[in-house]
Amino acid sequence: MAKGLLVTYVLWVIGGPAGLHHLYLGRDSHALLWMLTLGGGGLGWLWEFWKLPSFVAQANRAQEWKQSPREGIPPLSPIRFTAQMIVGIYFGLMALISLSSMANFYIVGLPLAVGLGVLLVAAVGNQTSDFKNTLGVAFLTSPIFYGRPIAILPISLAASITAQKHRRYKASVESETLSVRLYRLGLAYLAFTGPLAYSALCNTAATLSYVAETLGSFLSWFSFFPLLGHLMESVLLLPYRIWCLLVGDPGFNSSYFQEWEKLYEFVHSFQDEKRQLAYQVLGLSEGATNEEIHRSYRELVKVWHPDHNQHQTEEAQRHFLEIQAAYEVLSQHRKPRASRRISLEKET
């Protein structure tokens, strides 16, 4: 049965951020993507207003494609590639928050999450990509950056490049009933949200720490690139800007702005506590130079290396891991926080 443009627009208005109109058009991958990202943060949902006629035309041509599947390679799309990168990073961040406590997370959990995010975008519309190659590259890239949250970036980049290299049109398949499609979407949605819900409800304190650490690590990625860092802070402030456009400028003392500021302060205070603890582990005072940090690290590693402490292996292993973690925290480039406060005040 032909799909109607008017019905599509109505569903776009009613349940657009949840992908209801994509479900109606048979674009299940796109529907799942919108369910997991709330319409691409709302921006993707708004941008689709001008794309719906082409989506409807594509859905109505689906029967023709089933009879004679399309051949060749789809054209390269910078927008799809960028979306693959972003969603891969998003899936990786969600995995860091909910699954980072699992064993072998950086070997199994993180590359799997990032790779699936990239593949989800690759399967939007009438295109898809090679499942094995994309996930294989993600798993091969992960050990290079083992134990570091920044691994999300190279994993997502490598998986996105591979997905674009192996892009192809979807093969013709028989139509499935709505109940089967909803069942499959429901399982995928639960697989994504289940770990997050469990962490938030059953391990709230640890989850807040994971959120703070993840956001802090995410912001620190851009410390070497001031322009990108400023752009990311602007993106994080986007909800506040939208709020100002809708209700006017509520001023610096608005409760909404204060809640947004609390999030920043929580992340920054958590990072400050980590640095203070790291200084204590290395036996240094705050403000120590890079040379002092490196010298203390090398001395303590020699003292507590498990191979040199066979009589107290467990204690040596614990100290050794603490020393390594402390050195990594203090070795990260730290961006001055004053610039963030200035940017926040400019918004008001």
Side-chain angles (χ1 to χ4, degrees), residues 92-114 139-155 195 198-200 202-224 265-337:
L93 291 173
M94 294 301 101
L96 273 174
I97 292 172
S98 59
L99 300 174
S100 58
S101 59
M102 67 178 287
N104 300 320
F105 168 74
Y106 285 95
I107 297 295
V108 179
L110 185 61
L112 179 62
V114 175
F139 279 105
L140 289 175
T141 307
S142 182
I144 301 175
F145 303 89
Y146 180 80
R148 300 177 181 179
I150 199 174
I152 295 175
L153 284 176
I155 294 174
Y198 176 82
S199 298
C202 301
N203 200 8
T204 307
T207 302
L208 288 174
S209 297
Y210 289 144
V211 171
E213 185 172 5
T214 300
L215 289 177
S217 299
F218 180 72
L219 291 174
S220 68
W221 293 346
F222 301 93
S223 58
F224 291 107
E265 295 300 333
F266 177 65
V267 173
H268 296 152
S269 64
F270 183 83
Q271 296 298 313
D272 289 340
E273 290 178 3
K274 283 183 61 178
R275 286 191 291 272
Q276 291 174 5
L277 181 59
Y279 280 120
Q280 293 177 11
V281 170
L282 296 182
L284 298 170
S285 58
E286 292 191 35
T289 64
N290 290 336
E291 183 180 351
E292 292 172 336
I293 293 173
H294 186 66
R295 183 169 58 250
S296 178
Y297 165 73
R298 292 184 64 85
E299 292 176 353
L300 290 173
V301 162
K302 292 179 181 178
V303 172
W304 289 106
H305 197 286
D307 292 344
H308 303 158
N309 294 271
Q310 298 293 340
H311 59 289
Q312 47 180 356
T313 305
E314 293 185 2
E315 183 180 358
Q317 181 72 15
R318 179 174 60 83
H319 283 290
F320 186 75
L321 293 176
E322 289 178 353
I323 293 166
Q324 286 187 318
Y327 180 71
E328 184 172 344
V329 168
L330 296 180
S331 297
Q332 292 177 350
H333 186 277
R334 295 183 292 278
K335 181 181 178 181
R337 303 303 182 186

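By the side-chain contact (heavy atoms from CB on, under 4.5 Å) test, Ala326 is found to be paired with Ala278, Val281, Leu282, residues two or more places apart in sequence or in another chain being considered. The side-chain contact (heavy atoms from CB on, under 4.5 Å) search around Arg318 returns Glu315, Glu322, not counting sequence neighbours. Judged as a side chain to side chain donor-acceptor pair (under 3.5 Å), and not counting sequence neighbours, Gln280 has no contacts. With sequence neighbours excluded, the residues forming a side-chain contact (heavy atoms from CB on, under 4.5 Å) with Glu299 are Arg295, listed by chain and number. In this structure, the ring pair (Phe, Tyr, Trp, His ring centres under 6.0 Å) partners of Tyr297, at least two apart in sequence or on a different chain, are Tyr327. Listed by chain and number, the residues in a side-chain contact (heavy atoms from CB on, under 4.5 Å) with Ser285 amount to none (sequence neighbours excluded). Remark: Phe320 engages His305 in a ring pair (Phe, Tyr, Trp, His ring centres under 6.0 Å) (not counting sequence neighbours).
By the 4.5 Å heavy-atom criterion applied to side chains, Gln324 and Leu321 are counted as neighbours.
Side chain of Gln312 to main chain of Asn309: no donor-acceptor pair is present (N/O by atom type, distance under 3.5 Å, no hydrogens or angles).
For the atom pair CE (Met94) and CD1 (Ile152), the distance works out to 9.0 Å, reported to the nearest 0.5 Å. Note: Thr141 OG1 to Leu153 CG = 12.0 Å, rounded to the nearest 0.5 Å. Note: Tyr106 OH to Leu99 CG = 11.5 Å, rounded to the nearest 0.5 Å.
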| request: Quick one: do Leu112 and Phe139 satisfy side chain to side chain contact (heavy atoms under 4.5 Å, CB included)? Show the steps, please. | output: CA-CA 7 Å; Leu112 179 62; Phe139 279 105; 4.0 Å; yes
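Of all heavy-atom pairs between Phe105 and Pro111, the closest is O-CD, 4.1 Å. Heavy atoms only, all atoms of each residue included: Leu110 and Ala151 are closest at CD2-CB, 4.1 Å.
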